[in-house]
Amino acid sequence: MCRRTAFRTLSRAAVLVSRAAIRHAVKFGGRIKAVQTWDVPTSYDWSMPGLQNLGEDTEKSLAETVGEVAGESPVPIDRSVSRGHPTRALLDVARESGAELIVVGNRGHGGFASVLLGSVSQHLVHHADRPVVGR
């Protein structure tokens with residue numbers, strides 16, 4: 001029960017919106033900060049096999065994902081991995097880096113599943129102090 005966000009799980013929408021962010025950065029001379037988070041629900045925050053390397057695993061996952069989505073990107077792509085809720089991490093990184101725009105994909109959940117699982121995109125739209133673009 002780990003929560004991971006950024007370009008990962010590579011839904012078609014997430015790939016499309018990520019590539020659109022790259023095109024936007026190229027056009028306006030920007031940079032990209034790819035963010036992925038990991039977390040362990042508090043009920044599992046005790047020694048459990050496989051949890052020790054979640055931070056490292058998430059860093060590897062983000063590097064692979066950025067390579068897969070961006071390839072030889074003509075714009076710099078910085079990576080950020082943190083522990084915690086994806087919305088909080090994205091808002092913090094956007095504020096700290098001075099981002100002008102937050103671009104977020106989705107995992108492809110919709111309807112009832114998105115109600116149960118929550119929606120990072122929806123939370124961002126309601127809490128961000130800058131534009132949020134997503135699909």
Side-chain angles (χ1 to χ4, degrees):
M1 296 262 314
C2 302
R3 191 171 27 218
R4 294 188 178 190
T5 301
F7 296 144
R8 209 61 168 176
T9 305
L10 291 178
S11 69
R12 178 169 157 63
V15 171
L16 291 174
V17 77
S18 299
R19 290 186 177 150
I22 293 168
R23 288 192 302 276
H24 181 82
V26 167
K27 184 174 182 175
F28 294 101
R31 302 177 63 87
I32 293 177
K33 183 91 165 200
V35 179
Q36 188 162 343
T37 65
W38 65 276
D39 204 2
V40 178
T42 52
S43 60
Y44 296 110
D45 206 12
W46 37 269
S47 185
M48 191 171 158
L51 296 182
Q52 302 85 334
N53 301 323
L54 277 178
E56 290 175 17
D57 292 348
T58 303
E59 288 177 16
K60 290 176 189 172
S61 172
L62 181 57
E64 291 170 6
T65 301
V66 168
E68 190 175 331
V69 171
E72 296 296 319
S73 172
V75 297
I77 299 178
D78 301 318
R79 297 187 305 262
S80 174
V81 172
S82 62
R83 181 177 180 175
H85 191 276
T87 302
R88 180 80 268 142
L90 289 166
L91 292 172
D92 289 347
V93 168
R95 187 187 73 256
E96 291 164 7
S97 67
E100 295 176 2
L101 180 69
I102 299 173
V103 179
V104 62
N106 67 39
R107 292 182 178 205
H109 297 300
F112 190 65
S114 67
V115 171
L116 291 176
L117 299 171
S119 170
V120 172
S121 302
Q122 185 176 20
H123 282 87
L124 287 170
V125 166
H126 291 288
H127 299 286
D129 60 355
R130 61 205 74 220
V132 177
V133 177
R135 178 166 184 186

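For reference, positions follow the sequence shown, starting with 1. Note: hydrogens, waters and symmetry copies are ignored here, and every other heavy atom, side chains too, is used.
Distance check: Thr37 OG1 to Arg88 CZ gives 12.5 Å after rounding to the nearest 0.5 Å. Interatomic distance, Ser97 OG to Asp78 CG, rounded to the nearest 0.5 Å: 9.0 Å.
Side-chain atoms of Ile102 and Arg130, non-hydrogen and from C-beta on, do get closer than 4.5 Å to each other. Two residues are said to be in side-chain contact when any heavy atoms from C-beta on lie closer than 4.5 Å; Leu91 and Leu124 meet this criterion. Within the 4.5 Å cutoff, no side-chain heavy atoms of Glu59 are placed close to those of Arg79.
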Test Ser61 against Gln36 for side chain to side chain donor-acceptor pair (under 3.5 Å), laying out the working first. CA-CA 9 Å; Ser61 172; Gln36 188 162 343; 3.2 Å; yes

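Side chain of Arg31 to backbone of Val75: no donor-acceptor contact under 3.5 angstrom is found.
Between Ala70 and Ile77, the closest heavy-atom pair is CB-CD1, 3.4 Å.
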Cut-off 3.5 Å, no hydrogens considered: what does the side-chain donor-acceptor table look like for residues 21-30, sequence neighbours left out?
none

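When the options Leu62, Leu90, Val81 are evaluated for a side chain to side chain contact (heavy atoms under 4.5 Å, CB included) with Val35, the one that passes is Leu90.
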